[in-house]
Every structure is written in C-alpha cells, then in structure tokens.
Undergrad: 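Have a look at the structure that comes next, please.
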Amino acid sequence: MSTKTNAEIAAAFDELGDLYELDGAVSYRVIAYRTAAKAVRDASVSVMALTRDGRVTELPGIGKTLEEKLHALDETGDIPAAQKLRAKFPAGLIAVMHLPGFGPKRARLLYDELQVDSLEKLREAAEAGQIRTLRGFGAKVEENLLRVLADHDEGGSPAPRILLSRALPVAEQIAGALRDHPAADRVEIAGSLRRLGDTAKDIDIIATASDPAALIDRLRELELVESVHASGDAGARVVTHSGMKVDLKVVAPDQFGNVLQHFTGGKAHNVQLREWAVRRGLHISEYGVLDDETGETTRCATEEGVYERLGLPWIAPELREGRGELEAALKGELPRLVELSDIRGDLHCHTTLSDGRQTAEQMAEAALARGYEYLAITDHSASHGFGDHVTAEALEQRIEEIAALNASLDAIQLLAGTEVNILPDGSLDYPDELLARLDWVIASVHTSFGMDEATMTDRMIRAIEHPYVDAIGHPTGRKIETRPPYAIDMTRVIAAAARTGTMIEINAAPDRRDMNEIHARAAAAAGVKVLIDSDAHSARNFELLRYGIATARRAWLTPEQVANTRPWPEFAALRKRSKGAQ
DNA sequence: GCCGTTTTCGGCCCGACTGTTTTCAGTCG
C-alpha cells in the first residue's frame, strides 16, 4: 500500500471531525480534528514518515490518540472509528451539514425527525413544507434552503476566490484613491490580500478619517464602483465593475491597530493569539485588549501596539497563518524575511526565440533598469511542443549572440541558458555536450502530466541528478485557477535536490506560485537553495516577481535561503556546474 | 482530543448575524 500524502491524511481527519460532529461529540473533540487536519496540511515534511519515526506528536495538535489513528491509517488504509461512523451516517448527510446556513445540529435533527439523508430528500421535505414544522426551524429557513438548493443545482460556486494578481492591484488603486482624499488619515488593506495569499475572497480596507462620511462618499463615487450594497456611518460595502466586493471600515484612530489586526487574520493566527492571551488573563477582540485583573480594555492606535500589549514583537502579515509564528515571536526567532529589494538577478525568462515577446537585448535592458546584476535567458527547448521550440542549432547560435551582448553590456551579466524539457523518462531534449556549453540550465516538465506519483517523481529526480541541470522550474506544474499539481512526491524531490546541490524555483507567475509556500519552506529547511524567478515572457512581466517574493515570505524564507539574493560571483559559484568544475 | 510561565485535570477565542425565540441556539468568519 502506498504511503498516504499529507493532503490525504488531512482529508481523513476532516472527515472524522465531520462524523464526530454529526454524532454529537463535544465540540472540542471536533475542533481538535480540524486543528490536526490543518497542522498536517501545513506540515513541511511527510507526516506518515514522522509517524513511522515515532515523532509525529511533535506536531502541534497531534497527541497520543491521533498518533494511534495515523498508525491505523498507515497499516490498514483507514481509521476504524471513521468506518464505524460511516455505517451510522449516510454520506449525503455530510453534504446537508455543509450547506450554507446548516450545520451538524440542524443536519442531525433533519435526519432524526424526517429521515433526511441526502440533498434530494432535503428538497422533498422542504417542498412538502415539512421543515417548518420542526422545532427551531421556520418558514424563513425553508425559503432560504430552497434558494440554496437552487444555487447548488446551477453549480453555483460559493463566492469564487480571486487570484491575488487580479485583486491586489484593484485594492491598491482603491486604497490609493482613498489616501489621496483630504479627509483620510490612515488607509490600509487587510484580510488575506494583506497576507498575500494565492487568492482572496474580497477586498477589506480599514481606515481612519477626520470626516468619515466624506471618505465613505469618496469610495462610493469611484469610477470602478458598479454598485453600493451597504453604506453607513462606519463604512460601506460596494462591488466593482469587475465583480469584486470591497468592504471599507472607518474606525476611531485609537482602535485602528485592534481593527487592522483583527481583520488581517488569518483565522488560525487570531485563534491562537486569543487562546495565548487568555492564559495570561487577557481577551483580544477587534475592540481592544481586555485585562481580567483591572477590567479595563486597552485600545491600540497601531498594530505594533496590539502585539506589544501581549508582550510580542510585531509579526509580518505573511506569517499570520498559525504555522508556528507565535512560538517564534515569543522566542525572538522570527525570520528576517526576504524582500524584493534583496533580489539581484532573475534566472528564468523567455524571448522571441521561443514564446516571449521581446528580444534578449530588450529583456537585458529591462533587467538592468530593475537594478539586476544578472539575467539568464532561458527559452524553451527542442521539443517544447507548442511550435516555439528552439533547435540545437538555434541554441548554439544563441550562445554566440549572448556572448556578443555581454561584451556590449557592462553592468549586467547575461547567462546563455535554456528551460529544457524533462521528457517522460527523465532525460532532457538537448545533448549533454550542448548543455555543458551553456551558463545555466533550468529543467521543467511541460508534457505527460498524467503519470502516477512514483513515475513522475522518478522522472523529476533523474533530471535533478543530471550534472548540467542547475535548477528545477515550477516543480508541481499547478495553475492555481485551472490545473491541479501533477502527482509528485515533493519530499523525495527536495531530498534529491539537497543531495545534488540542485536549486528549486519559486515561479512567480501569479497563477503558478510554484513551488508553493509549504514546499518552499521544506526545501529551505532541507538546505536547498531556493530561486525566485519571474518566468517573464515580456519585459513587463518582471513586475510579477513580487508574487514570488510573497510566496517566499509566506514560506518564512530569509535572503540567505534564496540563491538569487547573492551578488553575481557568489551566485555563479553556487551553480552545480561551477561546483563540479572545482 | 489536546495541553500546561496557574494546571497531568479541567479547562479550551470572540463577536456578529439570523431566525427563532420571549432569552437563545446555531452558524459564520
């Protein structure tokens, strides 16, 4: 039997949490399973490997009982308690429980009283007017339910998430417009947008103003606003023409810090922060910090003030995911996170030779304008498969062109490179003699995504072991909105990269951000030098590096752990080909 | 079910909203 992935284990714990909830278990037990599921999902190493090593209880939220369940999952592929409860509750009941406005209590009552065990049965009961007869239910619930079920039928996606690169520029534009208003004092973006996650649900803005009504009016009148859904003394909710919800809250200056902290989240971070505070006799909310001893609530004008009141240093929003940041803050071990200004070169971009829009010279000039010290030109290789392939002969000619360009450009080092395809068997589609003549080789998978995990992982590791492969590009192949990652064991990939001195890229293209923050954190911890690359297909695309930086920061990466923060001579020596030569 | 700068037992985040209620339960973020 194959080893369960962290995602599969997390799903098993979530399912068991749902089943226990239906079974009426004390809520804290249910919460414990959900917490454990998150800890597993966020773990940067294989949880099953930890289990076999007897070290899994080192993960926060995993104790003796869950350790036993992990052993069962490993040995039998299932958890006995889950099997028992699945026999007790039909699967359709869990779907009922997850409907908006419904939960375990309501689902259970419907099951016990009306034998509702599926969405179809639920609809029948609602249409027959049976639901309003139940205690705690009424006509309103029944009406809302029928509406929810109708949405469900139309494949109604509940509040689609928006890619960060679409939401953030809009949020920044709105925040900028508000800041420019004379009534504005402080204006900040909050929510998952401020934490720079892959996607956001909506745009949250927190502000203070000398004249709140005037600032709220300013928002309502912005050209990009399509409609106003709610508006009052304390804020407004509007929707943009592009369909994004925008929430503006105007608050008193002396509690701006509390509100910004509260609405920045994330959920797990805030829960942990509040639990931690309770143990010290403090209670945190968006309104302030209440001290049990004095009965007084402290309001904070700044976010720093909130953390300081708790005896903690300010924590960067990108770290606020409940992944150990409180413990690190307490010990004074928060990382100095990598910043855009630390980056000295880009090791992955395309030109008109393959599918890019600008020439190598234009790309070099754009990189120079960004202050880069080096740039690798990495067009697609011989079998790219989309009509943009670069033959071996063309690449040989390109090497000469780059040499000539380098002679004419003093301030930047150009690298003659390639983004070479990793073929299904793990071999590369240029001869070794040609790869040896290049300054830089990044290898990526662009075809045959459907193979099984072991085969795909072996394929990738064969490329990693190739002496002329300096780095692996977008290692899981995911496209956030359109394509899941192919099956690959990143634990093995990272181990192979660490062993061979192969770098792994964080591809900054905002629909990729691949590797993701979990893998990037694991890679750095394993000693892999991480790259942050734009994969630019035009000079303008260099701007997208900020999204790679965001992923790196969410992965807790320091400049030291990112290879392309180094000056050129140091970076040059870090390449596998340089090490091999010495 | 987890966990300990009070605790190995007895706690376990905070507030808003909705719809049902006549003081609250359930759900949500």
Side-chain angles (χ1 to χ4, degrees), chain A residues 13-14 16-40 56-70 79 81 96-110 131-145 147-148 158-159 161 190-192 195 200-202 204 230 232 234-235 237 245 247 249 255 258-259 261-290 292-293 297 306 310-312 322 326-327 330-331:
Chain A
F13 282 169
D14 273 331
L16 192 47
D18 284 348
L19 289 165
Y20 273 135
E21 197 168 33
L22 277 174
D23 202 33
V26 284
S27 58
Y28 298 112
R29 184 149 110 191
V30 176
I31 291 167
Y33 277 95
R34 306 245 158 93
T35 306
K38 179 180 153 47
V40 169
V56 77
T57 55
E58 289 173 18
L59 284 178
I62 310 271
K64 278 266 172 249
T65 305
L66 267 70
E67 182 180 34
E68 279 173 30
K69 298 209 180 331
L70 282 166
I79 301 172
V96 172
M97 180 177 102
H98 286 316
L99 283 176
F102 283 70
K105 299 278 169 56
R106 286 181 165 176
R108 187 60 196 274
L109 193 69
L110 288 161
I131 290 182
R132 63 182 69 196
T133 66
L134 296 178
R135 178 183 179 76
F137 290 74
K140 275 269 175 59
V141 172
E142 212 170 66
E143 286 166 30
N144 289 341
L145 171 61
R147 203 175 319 130
V148 164
R161 296 192 65 90
S192 57
R195 305 198 309 279
K201 190 164 64 34
D202 49 22
D204 281 316
R237 161 162 281 210
K245 294 196 196 84
D247 243 326
K249 291 183 179 62
Q255 63 170 353
N258 303 101
V259 178
Q261 196 287 322
H262 178 86
F263 284 101
T264 296
K267 184 176 157 77
H269 174 82
N270 280 0
V271 168
Q272 289 179 13
L273 196 68
R274 290 183 209 126
E275 285 174 344
W276 189 81
V278 164
R279 276 178 245 133
R280 283 150 190 83
L282 300 170
H283 303 272
I284 308 169
S285 79
E286 62 188 284
Y287 302 108
V289 181
L290 169 68
D292 277 338
E293 209 166 310
T297 298
V306 178
L310 303 167
L312 294 170
L326 287 186
E327 293 81 349
L330 204 57
K331 291 189 211 152

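Every chain is numbered from 1 and lettered A, B, ... according to where its sequence line falls, protein lines coming before strand lines. Being a predicted model, the structure only gives us computed values, none of them experimental.
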Undergrad: Output yes if the stacking criterion (under 5.5 Å between centres, under 30° between planes) is met for A:Tyr28 over the base of B:dC12, else no.
TA: yes
Undergrad: Let me know, please, whether A:Ile62 or A:Phe102 comes out on the 5' side of the other along DNA chain B by nearest nucleotide.
TA: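 The answer here is A:Ile62.
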Undergrad: Rounded to the nearest 0.5 Å, what separation is found between the CG atom of A:Asn144 and the CZ atom of A:Phe102?
TA: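 That separation rounds to 8.5 Å.
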Undergrad: Distance check: side-chain N/O of A:Thr65 vs OP1/OP2 of B:dG1, anything under 4.0 Å?
TA: no
Undergrad: What nucleic acid atoms does A:Leu273 come within less than 4.0 Å of, heavy atoms only: base, sugar-phosphate, or nothing?
TA: nothing
Undergrad: What interatomic distance, in whole Å, is found between C1' of B:dT7 and the corresponding atom of B:dC2?
TA: 14 Å
Undergrad: What distance, rounded to whole Å, do you find between the two C1' atoms, one in B:dA25 and one in B:dT20?
TA: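 Comparing C1' positions in B:dA25 and B:dT20 gives a spacing of 8 Å.
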Undergrad: Could you tell me whether A:Ile31 contacts a base, only the sugar-phosphate backbone, or nothing, with contacts defined as non-hydrogen atoms closer than 4.0 Å?
TA: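 Contact class for A:Ile31: none.
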Undergrad: Regarding A:Val271, tell me which of base, sugar-phosphate or nothing describes its non-hydrogen contacts under 4.0 Å with the strands shown.
TA: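 Contact class for A:Val271: base.
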Undergrad: Taking only Lys NZ, Arg NE, NH1 and NH2, and the carboxylate oxygens of Asp or Glu, determine whether A:Asp18 and A:Arg34 approach each other closer than 4.0 Å.
TA: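 Counted as a salt bridge, because a side-chain N and a carboxylate O are separated by less than 4.0 Å.
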Undergrad: B:dT5 and B:dC12: how far apart are their P atoms, nearest whole angstrom?
TA: 16 Å
Undergrad: Distance check: side-chain N/O of A:His283 vs OP1/OP2 of B:dC14, anything under 4.0 Å?
TA: yes
Undergrad: How many Å lie between CG on A:Asn270 and C1' on B:dC28, as a whole number?
TA: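 It works out to 15 Å between those atoms.
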Undergrad: Using Watson-Crick or G-U wobble geometry with both distances below 3.5 Å, tell me the partner of B:dT27, or none.
TA: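 In the structure as shown, B:dT27 has B:dA16 as its Watson-Crick or wobble partner.
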Undergrad: Starting at atom CD of A:Glu293, determine the distance to atom P of B:dT6, rounded to an integer number of angstrom.
TA: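 From A:Glu293 CD to B:dT6 P: 12 Å.
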Undergrad: Mapping A:Ala107 and A:Val141 to their closest nucleotides on DNA chain B, which lands nearer the 5' end?
TA: A:Val141
Undergrad: Hey, does A:His262 reach any base, or is it just sugar-phosphate, or nothing, if we go heavy atoms under 4.0 Å?
TA: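 A:His262: no heavy atom of the nucleic acid under 4.0 Å.
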Undergrad: For nucleotides B:dG26 and B:dT21, find the distance between their P atoms and express it as a whole number of Å.
TA: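 Straight-line distance between the two P atoms is 13 Å.
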Undergrad: Using atom P in both nucleotides, what's the gap between B:dC13 and B:dC3 to the nearest angstrom?
TA: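 About 14 Å, rounded to a whole number of Å.
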Undergrad: Measure from CZ on A:Arg237 to P on B:dC17 and round the result to the nearest Å.
TA: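 Atom-to-atom, A:Arg237 to B:dC17, this comes out as 12 Å.
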Undergrad: Taking atom C1' in both B:dG1 and B:dT8, compute the distance separating them and give it to the nearest angstrom.
TA: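 After rounding to an integer number of Å, I get 14 Å for this pair.
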Undergrad: Checking all strands, does A:Leu99 fall into the base, sugar-phosphate, or nothing category for heavy-atom contacts under 4.0 angstrom?
TA: sugar-phosphate
Undergrad: Across the strands shown, which category fits A:Arg106 at heavy-atom distances under 4.0 angstrom: base, sugar-phosphate, nothing?
TA: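 Answer is sugar-phosphate: A:Arg106 comes under 4.0 Å of backbone atoms only.
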Undergrad: Run the salt-bridge test on A:Glu143 and A:Lys140 with the 4.0 Å N-O cut-off and return the result as yes or no.
TA: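 Answer for the salt bridge query: no.
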